[in-house]
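Atoms within each ligand, like the ligands themselves, are counted from 1 in listed order.
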Amino acid sequence: MARRIGLLGGTFNPVHIAHLRAALEVVDFMGLDELRLVPSARPPHREAPQVSAEQRLAMVELAVADEPRLCVDDRELRRDKPSYSIDTLESLRGELAADDQLFLILGWDAFCGLPGWHRWQDLLLHAHILVLQRPDADSDAPQALRDLLAARSVSDPLTLKGPGGQISFIWQAPLAVSATQIRTLLGRGTSVRFLVPDAVLAYIHAHGLYRASN
Ligand code: ATP
């Protein structure tokens, strides 16, 4: 049986409940077998002080440890340079059955930036794209994307067929939580309890992450 696998990339600096809720809602709505969170490598100068890629990865692993349908794919961190999404998809495709379905999950903002991505038009060779559309999204898609949408979009994401090649939208009300907000709160010495899973909070404190003094 073909598997249905979702991919959610991000810096996860740190992972928080909005990432996890969004991921789980997509799993449930789409009936995915699994959803992989894919932490991205970042140029060293863009890492928050004292927070390494390994620590971002460790926090995502802790966050999903008790949820069998969510898992972590660390392939972008195992490479020695920041990888393009197309590299990730090609590498993953090499490990899957030809008829397994891949769903690349992008927020609306990320989707609008797609024409700037390396070999962006090849992404659909390997995966469907699921755009998380928020009720308050206001920007219009750029022209290159409007052409792509006209050719490739389907209105009901549950009708996406085959291993990849189409685009659809999932409406989701996002939780008003961001990693930026969490870093700011921690930098001020304020609690982020209930914004991140308890295990992630314990890790942050045990390792003294995101403190202003770092
Ligand atoms: P930062 O504040 O550092 O920019 P972030 O909280 O936006 O970080 P990312 O690691 O950039 O987190 O996000 C990873 C993925 O999760 C992206 O696809 C992003 O659109 C999505 N995401 C982030 N925050 C939310 C949210 N509140 N609701 C739904 N999806 C989210």
Side-chain angles (χ1 to χ4, degrees), residues 5-30 32 35-64 67 70-77 82-85 88-89 102-114 116-117 120 123 127-139 141 145 157 167-188 190 192 194-197 200-201 203-204 209-210 214:
I5 300 170
L7 297 175
L8 177 66
T11 47
F12 303 117
N13 187 26
V15 65
H16 52 69
I17 57 161
H19 296 135
L20 300 164
R21 278 304 311 169
L24 209 50
E25 285 175 25
V26 172
V27 169
D28 278 334
F29 179 75
M30 292 295 294
L32 300 184
L35 186 149
R36 301 185 185 195
L37 292 106
V38 189
S40 56
R42 311 185 75 204
H45 65 273
R46 293 197 54 201
E47 293 286 352
Q50 308 298 319
V51 181
S52 65
E54 290 70 28
Q55 288 172 323
R56 289 189 289 115
L57 172 64
M59 290 187 278
V60 184
E61 284 174 340
L62 287 168
V64 302
E67 175 45 66
L70 300 183
C71 61
V72 188
D73 190 313
D74 67 354
R75 78 187 60 225
E76 294 193 2
L77 301 183
S83 47
Y84 298 111
S85 294
T88 302
L89 286 183
L102 271 182
F103 300 92
L104 181 64
I105 299 158
L106 299 175
W108 171 251
D109 292 352
F111 178 68
C112 287
L114 207 60
W117 292 20
W120 65 281
L123 294 170
H128 295 297
I129 293 178
L130 279 180
V131 184
L132 299 185
Q133 183 65 287
R134 37 209 306 172
D136 57 349
D138 45 7
S139 51
L145 282 181
I167 304 170
S168 196
F169 292 81
I170 293 182
W171 291 85
Q172 208 178 54
L175 297 173
V177 177
S178 72
T180 303
Q181 169 198 7
I182 288 167
R183 294 193 299 273
T184 302
L185 290 171
L186 286 165
R188 286 190 203 136
T190 316
V192 297
F194 307 131
L195 294 177
V196 298
V200 173
L201 185 66
Y203 186 95
I204 287 172
L209 305 183
Y210 306 109
N214 279 333

Can you label the angle between the Phe111 ring and the Trp108 ring as parallel, tilted or perpendicular, going by 30° and 60°?
tilted
Could you give the distance from CG (Leu132) to CD (Glu25), rounded to the nearest 0.5 Å?
9.5 Å
Return yes if some donor-acceptor pair links the side-chain N/O of Arg56 with the main-chain N/O of Ala41 below 3.5 Å, else return no.
no
Under 3.5 Å, side chain of Glu61 to main-chain N/O of Val72, donor-acceptor pair present?
no
OG1/Thr11 to NE2/His19 distance, rounded to the nearest 0.5 angstrom?
6.5 Å
Please tabulate, line by line, the atom pairs linking an N/O of ligand 1 to a protein N/O at a distance below 3.5 Å, with the distance in Å to 0.1, or answer 'none'.
| residue | atom | partner | partner atom | Å |
| --- | --- | --- | --- | --- |
| ligand 1 | 2 (O) | Ala179 | N | 3.4 |
| ligand 1 | 2 (O) | Thr180 | N | 2.8 |
| ligand 1 | 2 (O) | Thr180 | OG1 | 2.5 |
| ligand 1 | 3 (O) | Arg183 | NH1 | 3.0 |
| ligand 1 | 3 (O) | Arg183 | NH2 | 3.3 |
| ligand 1 | 6 (O) | His16 | NE2 | 2.8 |
| ligand 1 | 6 (O) | Ala179 | N | 2.8 |
| ligand 1 | 10 (O) | Thr11 | N | 2.9 |
| ligand 1 | 10 (O) | Thr11 | OG1 | 3.3 |
| ligand 1 | 10 (O) | Phe12 | N | 2.9 |
| ligand 1 | 12 (O) | His19 | NE2 | 2.8 |
| ligand 1 | 13 (O) | His19 | NE2 | 3.3 |
| ligand 1 | 27 (N) | Leu175 | O | 2.7 |
| ligand 1 | 27 (N) | Val177 | O | 3.0 |

Would you mind telling me which of Leu114, Leu8, Leu130, Leu7 makes a side-chain contact (heavy atoms from CB on, under 4.5 Å) with Leu106?
Leu114
